[in-house]
Amino acid sequence: MIFLYIILAVLVLMLMIVIHELGHYTVGKLLGFHINEFSIGFGPKIIGRRSKKSGELFSVRALPLGGYCSFYGEDDDASDTLMSVGEFVSNADVSESDKRLTFTRQKPWKRILVLLAGAGFNLFSAFLFSFIYIIAVGYTVPTVQDLYENPDNGEPYASGLADGDRITAVDGISIGVLDSFTELTGGLTDGDGVVLTVERDGEYFDVPVTKRKMLVSDGNGGYTESSLIGIRISYETVNVSFFEAVGLSFPFTFKMAGMVFASFGQLITGRVPITSLTGPVGTVTAIATMAETGWQYLLLLLPLIASNLAIFNLLPVPSLDGARVIFTAIEWIRKKPINRTVEAYIHGIGLALLLGFVVVVDIIGIFSRFI
């Protein structure tokens with residue numbers, strides 16, 4: 001069964017990459033760029049079909065962990081060049097009469113739009129995936145199922161609550177799609193207090209509770225010490241209407257993007273170790289694990305991956321779209337480009353380092369599972 005989940009994970013990752021490259025392709029076509037090939041996967045070609053009208057090749061290749069949309073003449077001064085991760089163009093295929101169609105002959109603002117389109121399509125897909133998740137899963141509201149009692153005196157730790165209380169807010173923040181009960185209380189440490197807003201018999205009450213060490217029955221006649229707020233809860237699923245889901249999909253996506261930005265910030269400051277990163281193998285493993293856990297977790301992962309891919313490609317790292325936008329912007333300001341051959345080498349070296357880093361990260365992740 002796990003093999004099927006791995007296949008599903010690969011398909012999910014491929015979908016994200018195809019969406020990204022489709023952004024480059026669509027905007028490139030709209031702006032009149034000459035496109036050489038749109039490929040799903042890398043390596044040897046399995047199947048391919050060339051358009052008789054445009055001459056574009058649409059292909060599926062052997063390695064299903066990427067894809068590319070290659071443009072004619074990304075670098076006029078280099079015989080061969082790399083467009084982005086996995087994209088290869090040979091200028092030998094471009095005749096002199098087609099030079100006006102080459103990538104670098106297009107206006108800088110057009111090139112910038114094409115470069116940004118991949119991340120733009122990923123971000124748009126994140127909104128769509130967020131909508132699908134919200135409309136399919138909804139959100140959960142906790143209900144007090146039981147009160148933990150102090151074994152010394154039989155009094156409940158959270159005396160202001162009662163069985164059946166429906167918790168609707170934490171410290172004035174309503175529980176919903178954007179803020180779950182777990183997220184709102186997950187950062188509490190011993191001694192921290194919060195105010196729970198609860199619904200009881202149609203009326204609302206604010207009840208203060210404190211997280212602290214409590215003696216809780218272990219089910220075998222004994223007690224174990226746990227850090228709790230004094231209640232055992234169950235969850236009730238609340239469905240969201242179509243239009244509510246549309247409205248919530250935007251802030252939900254921004255929340256996912258914010259989590260990605262926060263993760264990059266923690267990596268830069270060292271709060272999160274570099275070993276926490278994952279390459280394609282680690283990503284496929286994570287997706288497969290989430291899919292095996294439950295379909296709702298897979299749906300939650302989709303907008304996060306889409307946001308991650310959008311932000312990652314906009315980083316100012318050579319070979320990524322973000323760095324290419326910077327080079328193009330510099331050309332726009334200077335009215336002349338940086339030496340094309342130098343730029344091509346910079347992106348080529350950046351690509352080699354990036355791929356090497358990804359391989360190392362995956363190797364470390366694989367070995368860490370056995371240590």
Side-chain angles (χ1 to χ4, degrees), residues 17 20-38 54 56 66-124 257 260-261 264-265 267-268 307-358:
I17 296 172
H20 180 89
E21 299 303 334
L22 188 61
H24 293 314
Y25 177 86
T26 302
V27 176
K29 288 286 287 184
L30 290 173
L31 295 178
F33 285 70
H34 195 163
I35 298 170
N36 181 45
E37 180 181 359
F38 185 94
S54 65
E56 298 165 1
Y68 57 87
C69 174
S70 63
F71 292 81
Y72 276 128
E74 191 272 342
D75 192 330
D76 286 338
D77 298 325
S79 60
D80 299 305
T81 186
L82 290 164
M83 173 61 190
S84 65
V85 177
E87 299 180 13
F88 182 77
V89 179
S90 175
N91 282 332
D93 297 332
V94 186
S95 65
E96 287 300 320
S97 62
D98 285 336
K99 284 291 186 179
R100 60 186 177 82
L101 297 174
T102 60
F103 189 84
T104 55
R105 296 295 179 92
Q106 300 283 356
K107 295 182 183 299
W109 67 267
K110 288 187 176 183
R111 281 178 274 151
I112 289 174
L113 287 180
V114 170
L115 291 168
L116 293 176
F121 267 50
N122 282 135
L123 189 59
F124 176 78
V260 175
F261 272 118
F264 280 121
L267 283 169
I268 293 172
S307 301
N308 198 328
L309 190 58
I311 294 171
F312 176 77
N313 272 278
L314 292 179
L315 294 177
V317 176
S319 81
L320 296 182
D321 295 333
R324 295 182 178 280
V325 168
I326 291 175
F327 273 98
T328 307
I330 292 173
E331 175 187 342
W332 197 358
I333 295 171
R334 295 175 71 233
K335 306 300 182 182
K336 64 178 181 178
I338 295 173
N339 185 282
R340 301 292 189 194
T341 302
V342 172
E343 182 183 348
Y345 276 118
I346 290 173
H347 291 310
I349 294 171
L351 175 63
L353 293 175
L354 183 61
L355 293 177
F357 176 74
V358 166

Review item, side-chain donor-acceptor pairs of residues 110-120, under 3.5 Å, at least two apart:
residue	atom	partner	partner atom	Å
R111	NE	Q106	O	3.0
R111	NH1	E331	OE1	2.9
R111	NH2	Q106	O	3.2
R111	NH2	E331	OE2	2.8

Can you measure from [atom1] ([X]) to [atom2] ([Y]) and round to the nearest 0.5 angstrom?
{"X": "T102", "Y": "N36", "atom1": "OG1", "atom2": "CG", "value": "13.0 Å"}
{"X": "R105", "Y": "Y72", "atom1": "CZ", "atom2": "OH", "value": "15.5 Å"}
{"X": "T328", "Y": "I338", "atom1": "OG1", "atom2": "CD1", "value": "9.5 Å"}
{"X": "L31", "Y": "W109", "atom1": "CG", "atom2": "CH2", "value": "5.5 Å"}
{"X": "Y68", "Y": "H24", "atom1": "OH", "atom2": "NE2", "value": "14.0 Å"}

Nearest non-hydrogen partners of [X] and [Y], listed with the distance:
{"X": "A310", "Y": "N122", "answer": "CB-CB, 3.7 Å"}
{"X": "L320", "Y": "L315", "answer": "CB-O, 3.9 Å"}
{"X": "Y25", "Y": "I35", "answer": "CD1-CD1, 3.4 Å"}
{"X": "I346", "Y": "P318", "answer": "O-CB, 3.6 Å"}
{"X": "H347", "Y": "S319", "answer": "ND1-N, 3.0 Å"}
{"X": "H20", "Y": "D321", "answer": "NE2-OD2, 3.1 Å"}

- Query: Sequence neighbours excluded, which residues qualify as side chain to side chain donor-acceptor pair (under 3.5 Å) partners of K29?
  - Reply: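 Expected list: E56.
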
- Does E37 offer a backbone N or O that forms a donor-acceptor pair with the side chain of S70 under 3.5 Å?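 Yes: the side chain of S70 pairs with the backbone of E37.
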
